[in-house]
Undergrad: 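One structure coming up, written as structure tokens, with questions to follow.
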Amino acid sequence: MPAPRILVFDSGLGGLTVFREIARAAPAADFVYCADDAAFPYGAWPAEDLVWRVVAVFRRLVADIAPDVAVVACNTASTLVLPHLRAAFPKLPFVGTVPAVKPAAERSRSKMISVLATPGTVARDYTRDLIASFAAHCAVELVGSQHLARLAEDFMHGAAVPDAEIAREIAPCFVRDGDARTDEIVLACTHYPLLLAQFERLAPWPVEWIDPAPAIARRVVQVLADRNSAVRDEVRSLSTHRALFTSGRAPDAALSRMLLTFGLAPVECAPIPVEQKTVA
Ligand code: DGL
């Protein structure tokens, strides 16, 4: 039985935090990681344009890669575009990434939780509905960060990321109310776990940071099992998986080294320009 092919997609490098968990859970799979870096960041895109963009990129990816499963490792896209993707590609199973509000609300003792996300995810009805359904008994602070995804990208490119900038972005997540204070923070953008060590060091007090990647990996394994795909028979060696960038630009040396630590080798990709309004 051929190894299942899994497409992991994000606007940039954040989806690597999801990719590494899936690769651990399904080591026999063949992975293609796609960063829509030509359109990064998604956080500021108007909703309608983002739907168009993501569906257009998937038209190319599905035709070129023929994945067995597609993982949208991006909250900003998943909270908006998943129904459109499922309608456009009815035979392809999609696994999305949405804010882990439910586990945060369940685990919180103070019942004060924060959701740290992009401005796009914070604005979505989907996110507000999650909160109404699963965290109505909690005080929820929705924090839309303007800069963290970019800072995480800089970090992956080997650039110095000043502590003060990170501290400023996470500060609104920490709320006090009398003796009570925030104890759970949802990492609702896949870029943010890339900076988790810095978050922990710079947090004004210890909290639990919730990264949904292990749960997403379990879901992918379930989808593959439902399709009778082999996930564990054979372990592939490092760097057999491919990473491609919609800008068509080759990653710089620092990023190439970083990708290798994830077991990914960059491959050439014909650019998918953002101004393109129709994709065959
Ligand atoms: N990694 C993406 C997410 O999970 C978004 C980053 C961006 O493009 O703004 O939301």
Side-chain angles (χ1 to χ4, degrees), residues 7-22 33-58 70-82 84-85 94-101 104 114-128 130-131 142-157 161 165-166 169-170 173 185-196 199 209-217 219-220 243 245-247 255 258-259 262 264 272 274:
L7 169 64
V8 181
F9 174 85
D10 183 31
S11 58
L13 302 168
L16 292 172
T17 62
V18 178
F19 160 77
R20 71 182 162 199
E21 291 298 327
I22 308 171
Y33 184 84
C34 175
D36 188 12
D37 62 332
F40 178 87
Y42 279 178
W45 275 65
E48 213 175 290
D49 295 351
L50 187 58
V51 170
W52 164 81
R53 171 66 186 173
V54 176
V55 172
V57 173
F58 264 84
V71 181
V72 182
C74 175
N75 294 261
T76 314
S78 294
T79 50
L80 180 72
V81 189
L82 273 177
H84 301 273
L85 287 171
F94 283 90
V95 176
T97 310
V98 299
V101 170
S114 294
V115 178
L116 181 59
T118 66
T121 300
V122 162
R124 303 270 186 265
D125 289 345
Y126 191 100
T127 305
R128 314 244 161 191
L130 275 179
I131 292 169
L142 260 177
V143 179
S145 166
Q146 297 286 348
H147 304 296
L148 274 179
R150 161 60 60 202
L151 293 173
E153 292 273 322
D154 291 350
F155 176 70
M156 295 296 278
H157 283 269
V161 179
E165 285 186 45
I166 297 180
E169 296 296 305
I170 64 172
C173 295
I185 300 180
V186 180
L187 297 168
C189 167
T190 53
H191 278 73
Y192 301 167
L194 296 169
L195 298 173
L196 182 58
F199 290 176
W209 302 89
I210 301 188
D211 176 1
I216 297 161
R219 176 72 197 129
V220 172
F245 295 83
T246 58
S247 63
L255 180 57
M258 184 63 90
L259 289 172
F262 282 82
L264 286 161
I272 308 179
V274 283

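As the structure lists them, so they are numbered: ligands from 1, and atoms in each ligand from 1. Atoms considered below: every heavy atom in the structure, side chains included; atoms not considered: hydrogens, waters and symmetry mates. Not measured: the values here are computed from a predicted model.
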Undergrad: Can you tell me if Asn75 and Thr97 form a side-chain donor-acceptor pair at under 3.5 Å?
TA: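 Looking only at side-chain atoms, Thr97 and Asn75 do not form any donor-acceptor pair under 3.5 Å.
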Undergrad: Could you tell me whether Ser11 approaches ligand 1 through its side chain, its backbone, both or neither, with non-hydrogen atoms closer than 4.0 Å?
TA: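 Near ligand 1, Ser11 shows its side chain, while the N, CA, C and O stay back.
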Undergrad: For Phe40, counting its heavy atoms only, list the atoms of ligand 1 lying under 4.0 Å from any of them.
TA: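 Those of ligand 1 that fall under 4.0 Å from Phe40 are 7 (C), 8 (O).
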Undergrad: Regarding atom 10 (O) of ligand 1: of the candidates Thr190, Thr76, Asp10, Val72, which has the closest heavy atom?
TA: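 Answer by nearest heavy atom: Thr76.
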Undergrad: Look at the side chain of Thr127 and the backbone N and O of Thr121, then say whether any donor-acceptor pair between them is shorter than 3.5 Å.
TA: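 Confirmed, Thr127 side chain pairs with Thr121 backbone.
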Undergrad: If we ignore angles and hydrogens, is there a donor and acceptor under 3.5 Å between the side chains of Glu153 and His191?
TA: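 Yes, side-chain donor-acceptor contact under 3.5 Å.
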Undergrad: Taking 4.0 angstrom as the limit and counting only heavy atoms of Cys189, give me the atoms of ligand 1 inside it, by number and element.
TA: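 Numbered from 1, ligand 1 contributes 1 (N), 2 (C), 3 (C), 4 (O), 5 (C), 6 (C), 10 (O).
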Undergrad: Return the orientation label for the Tyr192 and Phe199 ring planes: parallel under 30°, perpendicular over 60°, tilted otherwise.
TA: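 Perpendicular.
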Undergrad: What protein heavy atom sits nearest atom 9 (O) of ligand 1, and how far off is it?
TA: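 Looking only at protein heavy atoms, the one closest to atom 9 (O) of ligand 1 is Gly43 N, 2.9 Å.
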Undergrad: Take the angle between the ring planes of Tyr33 and Phe19 and call it parallel below 30°, perpendicular above 60°, tilted in between.
TA: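 Ring orientation, 0 to 90° scale: perpendicular.
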Undergrad: Out of curiosity, is Pro41 lining ligand 1, as in a heavy atom under 4.0 Å away?
TA: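 Yes; Pro41 lies near enough to ligand 1 that a heavy-atom distance drops under 4.0 Å.
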Undergrad: State the atoms of ligand 1, each with its element, that fall below the 4.0 Å cut-off from a heavy-atom position in Tyr42.
TA: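 Listed by number with element: 7 (C), 8 (O), 9 (O).
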Undergrad: Check whether Asp37 reaches the backbone of Thr246 with its side chain - one donor and one acceptor, N or O, closer than 3.5 Å.
TA: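 Yes, the answer is positive, given that a donor and an acceptor are paired below the 3.5 Å cut-off.
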Undergrad: I'd like to check Phe245 versus Leu13 (side-chain heavy atoms, cut-off strictly below 4.5 Å). Are they in contact?
TA: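 With C-beta onward as the side chain, the pair touches.
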Undergrad: Please check: side-chain N/O of Asp36 versus main-chain N/O of Ser11, any donor-acceptor pairing under 3.5 Å?
TA: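 Not confirmed, Asp36 side chain does not pair with Ser11 backbone.
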Undergrad: I need the atoms of ligand 1 closer than 4.0 Å to a non-hydrogen atom of Asn75, numbered in the order shown.
TA: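 Taking each heavy atom of Asn75 in turn, ligand 1 has 3 (C), 4 (O), 10 (O) under 4.0 Å.
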Undergrad: State whether the shortest distance between N or O atoms of Thr121 and N or O atoms of ligand 1 falls below 3.5 angstrom.
TA: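 No, Thr121 has no N/O under 3.5 Å of an N/O on ligand 1.
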Undergrad: Give the residue, atom name and distance (to 0.1 Å) of the protein heavy atom nearest atom 1 (N) of ligand 1.
TA: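 Heavy-atom neighbour on the protein nearest atom 1 (N) of ligand 1: His191 ND1, 2.7 Å.
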Undergrad: For ligand 1, is there an atom lying under 4.0 Å from some heavy atom of Cys74?
TA: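 Right, Cys74 reaches ligand 1.
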